[in-house]
Amino acid sequence: MSDTEHFYQSHIFVCQNERPEGHPRGCCQAAGATRLRNYMKVRVKELGLPETRVNTAGCLDRCELGPVMVIYPQGTWYRYENQDDIEEILQTHLIEGRVVDRLQLQPDQ
């Protein structure tokens, strides 16, 4: 495999961290991360994106912004709230190759 080839074209890590109820930082799990990750996995298959892998991740340390994901190899971070956000990320980022500006997290967030 050359330096430009990857086993997956896109590898999505979806935070599934769970903190105790009422924790001051919150957690992605409490914001629906598992339900939305499961939806994303189904949609990736339905859209025929076989070179895309959706994985569960532990804490990605952006708890207050959750739920969050990061897509590699680009290293693009997103915050999402619902299935419409997931659809926009799949269509725009994975299929069209463009960043979803309104959902993208910046390094200083």
Side-chain angles (χ1 to χ4, degrees):
M1 200 178 295
S2 76
D3 290 341
T4 59
E5 293 180 50
H6 303 278
F7 189 74
Y8 295 113
Q9 184 177 357
S10 295
H11 206 150
I12 306 169
F13 292 93
V14 183
C15 182
Q16 300 290 287
N17 191 54
E18 186 171 8
R19 294 182 188 276
E21 188 173 330
H23 192 282
R25 290 194 70 194
C27 68
C28 291
Q29 185 69 280
T34 297
R35 178 181 51 82
L36 291 166
R37 185 216 52 220
N38 292 343
Y39 176 79
M40 186 181 338
K41 287 179 77 127
V42 168
R43 289 297 293 144
V44 162
K45 287 181 183 176
E46 289 175 350
L47 292 167
L49 301 170
E51 295 178 350
T52 299
R53 175 77 178 185
V54 179
N55 271 102
T56 294
C59 184
L60 295 174
D61 204 27
R62 294 178 114 174
C63 310
E64 297 84 358
L65 302 170
V68 298
M69 71 174 79
V70 59
I71 302 177
Y72 289 107
Q74 300 88 352
T76 305
W77 288 77
Y78 289 111
R79 180 188 192 286
Y80 56 95
E81 293 182 10
N82 52 48
Q83 291 179 355
D84 290 339
D85 291 345
I86 297 293
E87 289 293 333
E88 188 173 358
I89 291 166
L90 294 177
Q91 181 63 43
T92 304
H93 188 105
L94 296 179
I95 295 172
E96 298 173 13
R98 296 181 294 116
V99 171
V100 182
D101 292 328
R102 72 177 192 87
L103 299 173
Q104 183 182 22
L105 293 175
Q106 299 304 316
D108 62 345
Q109 289 182 283

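A quick note: this is a predicted structure, and the numbers were derived from the prediction, not measured.
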Query - Nearest non-hydrogen partners of Gln106 and Arg62, listed with the distance - result: O-NH2, 2.5 Å
**Report entry** Least distance between heavy atoms, Ala31 atom then Gly66 atom
**Finding:**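 Smallest interatomic distance, heavy atoms only, reads CB-O, 4.0 Å.
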How long is the gap from [atom1] on [X] to [atom2] on [Y], to the nearest 0.5 Å?
X      : Y      : atom1 : atom2 : result
Lys41  : Thr52  : NZ    : OG1   : 12.5 Å
Arg25  : Cys63  : CZ    : SG    : 4.0 Å
Leu105 : Leu60  : CG    : CG    : 10.5 Å
Ser10  : Ile89  : OG    : CD1   : 12.0 Å
Arg19  : Cys28  : CZ    : SG    : 9.0 Å
Glu64  : Gln109 : CD    : CD    : 11.5 Å

**Report entry** Test log, rule side-chain contact (heavy atoms from CB on, under 4.5 Å), inputs Ile86 and Met69
**Finding:** CA-CA 10 Å; Ile86 297 293; Met69 71 174 79; 3.8 Å; yes
Query raised in the report: Only one of Thr34, Thr56, Asn55 clears side chain to side chain donor-acceptor pair (under 3.5 Å) with Gln16; which?
Result: Thr34
Do [X] and [Y] belong to the same hydrophobic cluster, where Ile, Leu, Val, Met, Phe, Trp and Tyr are linked whenever their side-chain heavy atoms lie under 4.5 Å apart, directly or via other members?
X      : Y     : result
Val99  : Leu94 : yes
Val14  : Val70 : no
Leu90  : Tyr39 : yes
Ile71  : Ile95 : yes
Val100 : Leu47 : yes

**Report entry** Side chain to side chain, Gln104 and Trp77, heavy atoms closer than 4.5 Å
**Finding:** no
Requested in this report: Salt-bridge test for Arg102 and Asp85: reply yes if a basic N is under 4.0 Å from a carboxylate O, no otherwise.
Outcome: yes
Query raised in the report: Would a distance-only check, ignoring hydrogens and angles, find a side-chain to backbone donor-acceptor pair under 3.5 Å from Arg79 to Leu65?
Result: yes
Query raised in the report: Can any side-chain N or O of Arg53 pair as donor or acceptor with the backbone N or O of His11 at less than 3.5 Å?
Result: no
Query raised in the report: What do you reckon, is CD of Glu21 surrounded by more than 12 foreign heavy atoms closer than 6.0 Å?
Result: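 No - once you tally the heavy atoms of other residues, nucleotides and ligands closer than 6.0 Å, there are 12 at most.
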**Report entry** Results of side chain to side chain contact (heavy atoms under 4.5 Å, CB included) for Glu46 - residues two or more places apart only
**Finding:** Val42, Arg43
Query raised in the report: Does the side chain of Tyr78 come under 3.5 Å of the side chain of Glu88 through a donor N or O and an acceptor N or O?
Result: no
